[in-house]
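Everything below concerns the one structure shown next.
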Amino acid sequence: MAEPDPQDSLDAATQATRSLQGLSTELTARVPQLLEAMRSVGTGLELHSTLDRICATAAELAHARYAAIGVVDEAGEGLSDFVTYGVPEEVVRAIGRRPDGHHGLLGALIHDPEPVRLADLTGDPRYAGFPPGHPRMRTFLGVPIRVQGEIFGNLYLTEKREGAEFSDYDLHMVRVLATEAGIAIGNARLYEAARQRERWIDGSVAVTTALLSGGDADDALSVVAEQARHLADSAAGIVLLPTAEGGLEIVAVSADDPSSSLGVIIPARSEVVAKLLAGEAVFIDDSATDSRMVTRLADLFGPSMLLPLQSGGRVLGALATPRARGARPFSRTERMLATQFASQAALALMMAEAQRDRERLAVYEDRDRIARDLHDLVIQRLFATGMMLESAQRRSVVPEVRTGVGRAVDELDVTIQEIRTAIFALQQEPAEAPSGLRTRVLREINMAAVPLGFKPSYRFLGAVDSLVGELTGKNLVAALREALSNAFRHARASVIDVVVDATATLPDGRAAVRLSVADDGVGIPEGGRRSGLRNLARRAESLGGASWFGPGIGEDGGGTTVVWEAPL
């Protein structure tokens with residue numbers, strides 16, 4: 001991440017000095033407050049918290065009741081984000097959709113980014129009215145924020161306290177603060193971009209690791225869908241494969257309700273399908289209103305990225321990452337990173353396919369060798385043994401011996417026929433067998449090792465693959481994924497231990513499988529979010545089981561142990 005440019009800070013200080021020259025002692029007396037505000041704005045590197053801090057600092061500096069920052073979208077035509085201060089959260093929810101900047105005073109300031117000071121904004125000809133439930137606002141001060149010479153957005157202040165109007169002093173102070181804010185936002189954006197790239201790179205590595213660790217094709221596609229959804233911060237991750245008729249079929253989904261999407265086919269007549277199969281990415285601003293989206297699923301989503309899974313000139317399929325309706329659009333950086341991820345995922349899929357082909361070929365070669373050995377060695381020896389017994393049978397004069405040898409020869413004939421049947425079966429193409437639970441658990445552990453920086457330890461108790469049914473196994477793997485994700489994001493653990501016990505019993509005596517994920521991290525704080533734990537509990541309860549958490553494996557019980565169990 002780039003260090004703050006000393007020249008930028010010097011320029012801000014110079015501008016502040018020039019702005020203060022010739023003004024009254026009232027403004028000069030507020031210089032310490034301004035300097036403290038500039039220091040506050042410059043702390044921290046997370047972008048959204050930086051915007052929150054700028055709003056709060058500006059409101060305090062200018063004695064305003066409300067403050068907001070409207071972030072201009074990449075096209076420069078509207079607002080991609082709107083951060084507020086002073087408006088209660090319940091009022092924000094009641095108002096509903098935030099300003100888009102396409103009309104009214106906020107829209108005018110986007111196209112004419114100059115400072116604006118109004119005694120009554122409702123009397124300005126650019127005023128377009130407030131939505132129902134909006135707080136009363138009259139006095140107004142708007143100042144543009146520039147980052148590296150380009151307009152980032154506008155800082156808005158309204159309702160100066162005690163009914164006063166914003167003064168020239170307020171305008172000068174806020175302009176200086178906006179200059180410092182531009183520097184802080186620039187640094188935060190660099191930091192955010194670096195973190196974002198790191199997450200996408202880690203995601204690509206996790207996909208590659210998971211795909212090359214073995215498993216069937218369906219599991220591989222599910223891994224791609226899950227990672228894409230997580231990295232793109234989208235409502236769903238969807239993988240589509242070409243159909244015989246020239247369309248695209250949804251074959252893997254990561255979403256809250258994947259069953260409603262699986263099997264849906266986008267017909268060949270779709271303009272989107274034609275572009276994807278030609279290797280072109282398609283970016284949609286609003287799926288629900290875009291005429292190119294022809295399936296019923298489009299009504300559920302807003303901004304969407306549809307990317308070809310392409311490698312070496314070959315299009316394997318497509319990857320879609322739609323966001324919820326009303327969500328923010330994908331930025332240029334997100335589009336670029338997602339396109340690179342899709343290319344990396346396609347390459348990993350091709351490598352995994354090639355690896356499976358090599359493994360399949362090795363199996364075929366081994367089966368051929370076994371079949372040859374059975375035919376050339378075992379059957380020939382059995383046949384020779386049968387001839388020897390038939391010769392001995394003819395020479396024997398004891399009826400019991402002749403009868404016994406005859407039965408032995410018949411058994412040899414049956415054995416030879418059975419071996420020939422086995423040889424024929426060995427020469428057939430084996431059906432693809434689904435991955436066992438043990439393999440899927442190991443895949444999740446290997447995938448989690450990339451962001452964690454270490455590989456969790458693991459143990460299996462009992463006949464996991466044969467005892468645990470498919471539905472319970474899928475839910476157990478999902479619970480493991482949730483627990484490992486929580487450990488990575490919140491626990492700051494150095495040790496994680498995973499146990500899958502197929503010999504467990506429920507309190508009512510029923511046989512069960514129990515998953516335990518224990519770490520030595522910081523534990524679950526009081527009042528912290530519990531959404532992930534509630535998801536685990538719902539999964540277990542839907543199967544007749546339960547989920548809970550307790551002390552971890554750190555010193556004096558430090559960390560957390562998450563337990564999930566369901567009947568067999």
Side-chain angles (χ1 to χ4, degrees), residues 46-48 50-52 68-84 92-93 95-104 106-107 109-111 113 131 145 147 150-154 185-186 188-197 199-200 203 225 227-238 240 254-256 266 270-272 275-276 280-295 297-308 318-342:
E46 199 277 324
L47 181 58
H48 213 278
T50 298
L51 298 179
D52 288 335
I69 292 178
V71 180
V72 178
D73 61 27
E74 292 178 343
E77 299 294 331
L79 297 177
S80 63
D81 199 2
F82 196 76
V83 180
T84 62
V92 173
R93 287 196 298 268
I95 293 173
R97 191 166 184 174
R98 298 189 175 190
D100 56 16
H102 290 301
H103 58 276
L106 300 188
L109 290 177
I110 292 175
H111 298 288
I145 298 176
V147 177
E150 296 183 357
I151 292 295
F152 171 82
N154 290 291
I185 291 170
R189 288 173 77 179
L190 288 173
Y191 176 73
E192 190 72 17
R195 288 187 59 194
Q196 193 175 43
R197 284 182 170 84
R199 287 195 298 269
W200 281 93
Q227 284 292 325
R229 179 192 184 191
H230 169 68
L231 294 169
D233 191 25
S234 57
I238 301 171
L240 307 96
S254 174
D256 293 337
I266 304 177
S270 167
E271 177 185 345
V272 171
K275 288 191 173 183
L276 289 171
E280 299 179 34
V282 179
F283 301 103
I284 305 293
D285 293 330
D286 186 2
S287 299
T289 59
D290 196 301
S291 59
R292 293 174 294 177
M293 306 297 282
V294 297
T295 68
L297 296 177
D299 296 337
L300 305 175
F301 301 115
S304 297
M305 292 189 292
L306 296 102
L307 310 166
L319 173 65
T321 57
R323 282 179 174 159
R325 297 198 66 178
R328 64 179 178 84
F330 292 98
S331 66
R332 276 196 299 263
T333 300
E334 287 176 319
R335 294 180 179 189
M336 177 194 67
L337 292 172
T339 301
Q340 293 174 349
F341 171 84

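In this text the structure is predicted, and so the values were computed from the model without any measurement. Side chains are part of it too, since the values below use all heavy atoms of this structure and drop only hydrogens, waters and symmetry mates.
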Is there a side-chain contact between [X] and [Y], using heavy atoms and a 4.5 Å cut-off?
{"X": "Asn154", "Y": "Ile69", "answer": "no"}
{"X": "Leu307", "Y": "Phe283", "answer": "yes"}
{"X": "Ile145", "Y": "Ile151", "answer": "no"}

Those residues that, when tested against [X], pass side-chain hydrogen bond (donor to acceptor under 3.5 Å, both in side chains) (two or more places apart):
{"X": "Arg325", "answer": "none"}
{"X": "Thr289", "answer": "Asp286"}
{"X": "Ser304", "answer": "Ser287"}

Mind checking side chain to side chain contact (heavy atoms under 4.5 Å, CB included) for [X] and listing every partner two or more places apart, or none if nothing turns up?
{"X": "Asp290", "result": "Ile284, Arg292, Met293"}
{"X": "Ala228", "result": "Leu319, Thr321, Phe341"}
{"X": "Thr84", "result": "Ala68, Phe82, Val92"}
{"X": "Leu337", "result": "Gln196, Arg197, Trp200, Thr333, Gln340"}

Atom pair CE (Met336) and CD (Glu334), whose distance is rounded to the nearest 0.5 Å
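If I round to the nearest 0.5 Å, the distance is 10.5 Å.
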Please round to the nearest 0.5 Å and tell me the distance separating atom CG of Asp299 and atom CG of Leu297.
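With rounding to 0.5 Å, CG (Asp299) is 8.5 Å from CG (Leu297).
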Closest non-hydrogen atom pair, [X] against [Y]:
{"X": "Met305", "Y": "Ala232", "result": "CE-CB, 4.2 Å"}
{"X": "Ala324", "Y": "Pro303", "result": "O-CD, 3.8 Å"}
{"X": "Ala236", "Y": "Ala255", "result": "CB-CB, 3.8 Å"}

Set of salt bridge (Lys or Arg N to Asp or Glu O under 4.0 Å) partners for Glu271, sequence neighbours left out
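So Glu271 forms a salt bridge (Lys or Arg N to Asp or Glu O under 4.0 Å) with Lys275.
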Do we get Arg323 above Phe301's six-membered ring, with its NZ or CZ under 6.0 Å from the centre and within 45° of the axis?
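That pair does not qualify as a cation-pi contact.
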Quick one: does any side-chain atom of Thr339 pair with a main-chain N or O of Arg335 as donor and acceptor, under 3.5 Å?
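Flag set: sc Thr339 to bb Arg335 pair under 3.5 Å.
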Set out, in order, the CA-CA distance, both residues' side-chain angles and the distance that settles side-chain contact (heavy atoms from CB on, under 4.5 Å) for Leu240 and Leu306, then state yes or no.
CA-CA 10 Å; Leu240 307 96; Leu306 296 102; 5.6 Å; no
